[in-house]
Protein chains: 2
Amino acid sequence: MTHSPLRPPTMADVARLAGVSHQTVSRVLGDHPNVRDETRARVQRAIEEMGYRRNSSARALATRRTRTLGVVASNTTLYGPASTLFALEEAARAEGYLVSTVSVRKLTVETLSEALDHLSDGGVEGVIAIAPQRSAVEALAELRRPFPVVAVGTGSASTVPSANVDQYLGARLATGHLLAAGHRTVWHLAGPEDWQEAADRVAGWRDTLEEAGVEPPMPLRGDWSPLSGYRAGQELAGWVGRGLTAVFVANDQMALGVLRALREAGVRTPQDVAVVGYDDIPESEFFAPPLTTVRQDFSAVGQRSIALLLDLIEGRTPSGPTRIAIEPQLVVRASTYPYASPPGTAPPG
Amino acid sequence: MTHSPLRPPTMADVARLAGVSHQTVSRVLGDHPNVRDETRARVQRAIEEMGYRRNSSARALATRRTRTLGVVASNTTLYGPASTLFALEEAARAEGYLVSTVSVRKLTVETLSEALDHLSDGGVEGVIAIAPQRSAVEALAELRRPFPVVAVGTGSASTVPSANVDQYLGARLATGHLLAAGHRTVWHLAGPEDWQEAADRVAGWRDTLEEAGVEPPMPLRGDWSPLSGYRAGQELAGWVGRGLTAVFVANDQMALGVLRALREAGVRTPQDVAVVGYDDIPESEFFAPPLTTVRQDFSAVGQRSIALLLDLIEGRTPSGPTRIAIEPQLVVRASTYPYASPPGTAPPG
DNA sequence: GAGGTCATTGTGAGCGCTAACAATTCCTGC
DNA sequence: GCAGGAATTGTTAGCGCTCACAATGACCTC
């Protein structure tokens, strides 16, 4: 049944076998209505027989459409970016697009620019940039590029079209939860200075405290890693007994480090110090103790940003706003409330 | 300086502006040696001025090379697949290839086949399949496909070219470590039945015990999730005092669940029960207690598999074996040895 | 200064497809 | 049995690039 051609069969080969013109083959493949059933069947049989597949390059050249989207991401082994990436690809594929990814170790103006060049050379029709660093977002607005770009993870400060979880709101939920539980004040271990999401979380935390008439303590800084959380946790442990009873940590991994440091310092969680994280990574339910945290709907971010990008590509007026905000959700566990439910009974992450 | 053409400029446009033929422009772009310096400079200026970029589709059509690789992956939010994906993309980009990814929720014959079709329609020259389930690997060998495929994460049972961490060896390291520490026997919480890597780890564990003259206990089964580890851990806790002093868990996430279950049952780690995990995810150093585990060099897997795939694509005789095995490494922490080093002092993950 | 060589540049023909238009066939109704 | 129109099919010209080869010219040798 299969030939063993040195070259894969072309449309002309199929046409010859079916006894029609190549254009008729193209019509069959394109589901054009005006093809006689008998002809269509004959063509389809020929296609089957030769194992024919359209050459995507030729098609792209003739239509000027590659049906490929690009994604630039960094830190893709972290839960957040990895989840976003997954959601993006799934959403794009549902629309018939292929996704090409460039993952960089560190997002800078140079790496971002190189990544866009690489994707551009690959013929992408548009790009999603998962660009949480402020510097990168700004660079994005400047760079000359022949296709639309949608930013993701840029927090509130985006000059380009974007889709984001509302980090400010997430921080308010976390901080408000701790205040409502009776804590007089809430400390904060923040993410890196340059990350807009970190800044948004700081702002949400600060505003919530100030609205409650509390002077916010100086926030600590980490780099998202458990190790930086551990170091900050050692420092925080020194403040226990001097007004520190609750900490809002800007992500779950750092919270894990904080928990370990507190434990090693003989500080009990949540009895002595309550801890809230951010992200709801799959592990956080099993930390010691299980972690109260803020869940982000990465899947929604992926779908909304792809929809927005496609609107931009196809030249449609976007069906919604070009700066999309998605609501996060608080997940309460034992790190703030000792009688929280056992594993497997809470809604799934 | 920039035109604002409805169409992006073509090679012919650049040629006209530079006063040369399109072929000379092509030569400049292709770094062909036989171009006069003066001409080259003039062409380059024209390219610059027009912001010209080669059309990748036209290029691909003429050269029959898309310089695009495909990757099929599942469970990409897990540390292992995400790390592999990252390494693959980085290695491919270093060779000038673009990577298109398809991430599926569940790897079955159908989803794998659809994924390959989608990538094929995207014109990929070869595919890396991260296919840890046995059924998927077998399907891979059957499917008709017009490009080479390299499997990754298939453990020892691969009929197609592959690159893998030696899971059998990793399990031997873990089990041997526990025996050497004086444990009489080692229990095992295995991964899902259908995963070859899980089977390889079971085999390594079993063989090590048998060589030491110990009858292996019945292994438990989990699904890689912390929750399944937690449930297994509850069961394991019931065997403490009846010969259970050491557990080898097939991944770190399940180990996290086991640790929680043991803790809740009043079982101390490592004094009552020692625990070893697998993967060395970034969090495991901060578990309670920090987890002894087996580290896999995903970066090496990525590089080796890309090198192999490119050999296959270019029709070269592969420079090495077509079934590549990479050595894992044991990382000892407090879950097996209570005086292990504090965070930040061990070699980085 | 004829002939040869090399470096440099240009020309023409595809690559495999789709879009636009032209040609043919098949029905209608009268 | 034939005009008129719709349905169906074919023809031609690109899309923008690279490859193979032809043409040009500079330079050298004897």
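Everything numeric here is computed off the predicted structure, so don't read it as measured data.
- A salt bridge between B/R45 and B/E49 is absent, with no side-chain N of the basic residue lying under 4.0 Å from a carboxylate O of the acidic one.
- Regarding B/M50, its CE atom lies at a distance of 14 Å from the C1' atom of D/dG16, rounded to whole Å.
- Among the nucleotides D/dT18, D/dG16, C/dC17, the one closest to any side-chain atom of B/L61 is D/dG16.
- In this structure, B/S21 reaches the C/dG10 phosphate: one of its side-chain N or O atoms is under 4.0 Å from OP1 or OP2.
- For the pair B/R64 and C/dG16, the criterion of a side-chain N or O lying under 4.0 Å from OP1 or OP2 is met.
- Contact annotation: B/R65 does not reach the phosphate of D/dT18 (side-chain N/O to OP1 or OP2, under 4.0 Å).
- Distance CD (A/Q23) to P (C/dA22): 15 Å, rounded to an integer number of Å.
- We find that A/D121 and B/R54 are not joined by a salt bridge, their nearest charged nitrogen and carboxylate oxygen being 4.0 Å or further apart.
- Comparing B/A58 and A/V25, the nucleotide of DNA chain C nearest to each residue sits closer to the 5' end for B/A58.
- Between the C1' atom of C/dA19 and the CG atom of A/L29 lies a distance of 16 Å, rounded to the nearest Å.
- Between C/dT18 and A/R59, a contact under 4.0 Å exists linking OP1 or OP2 to a side-chain N or O.
- In terms of position on DNA chain C, the residue among B/H22 and A/A12 whose nearest nucleotide sits closer to the 5' end is B/H22.
- Close to C/dC17, at under 4.0 Å from its OP1 or OP2, lies no side-chain N or O of A/S26.
- Using a 4.0 Å cut-off between charged nitrogen and carboxylate oxygen, B/E314 and B/R65 count as a salt-bridge pair.
- Considering B/V102, B/T111, B/V104 as possible partners of B/S74, the one that fulfils the side chain to side chain contact (heavy atoms under 4.5 Å, CB included) test is B/V104.
- The distance between atom CZ of A/R53 and atom P of C/dG16, rounded to the nearest whole Å, is 17 Å.
- Contact detail for A/P161 and A/V149: the closest heavy-atom pair is CD-O, 3.9 Å.
- Nearest nucleotide to the side chain of A/T63, out of C/dC17, C/dA19, D/dT18: C/dA19.
- The nearest whole Å value for the distance from the CE atom in B/M11 to the P atom in D/dC19 is 11 Å.
- Residue contacts shown for B/N34 include a base, since a base heavy atom lies under 4.0 Å away.
- C/dC17 atom P lies 12 Å from atom CG of B/D121, rounded to whole Å.
- Applying the 4.0 Å criterion to OP1 and OP2 of D/dT8, one finds that A/T24 has every side-chain N and O outside that range.
- Rounded to whole Å, the distance from CG on A/N55 to P on D/dC17 is 17 Å.
- Following rounding to the nearest Å, A/H32 (NE2) and C/dC17 (P) show an atom-to-atom distance of 18 Å.
- In this model, a side-chain donor or acceptor of B/R27 finds a partner on the base of C/dG10 within 3.5 Å.
- Within 4.0 Å (heavy atoms only), A/T39 reaches sugar-phosphate atoms of the nucleic acid but no base atom.
- Checking A/S100 against B/S100 by side-chain atom types alone, a donor-acceptor pair falls below 3.5 Å.
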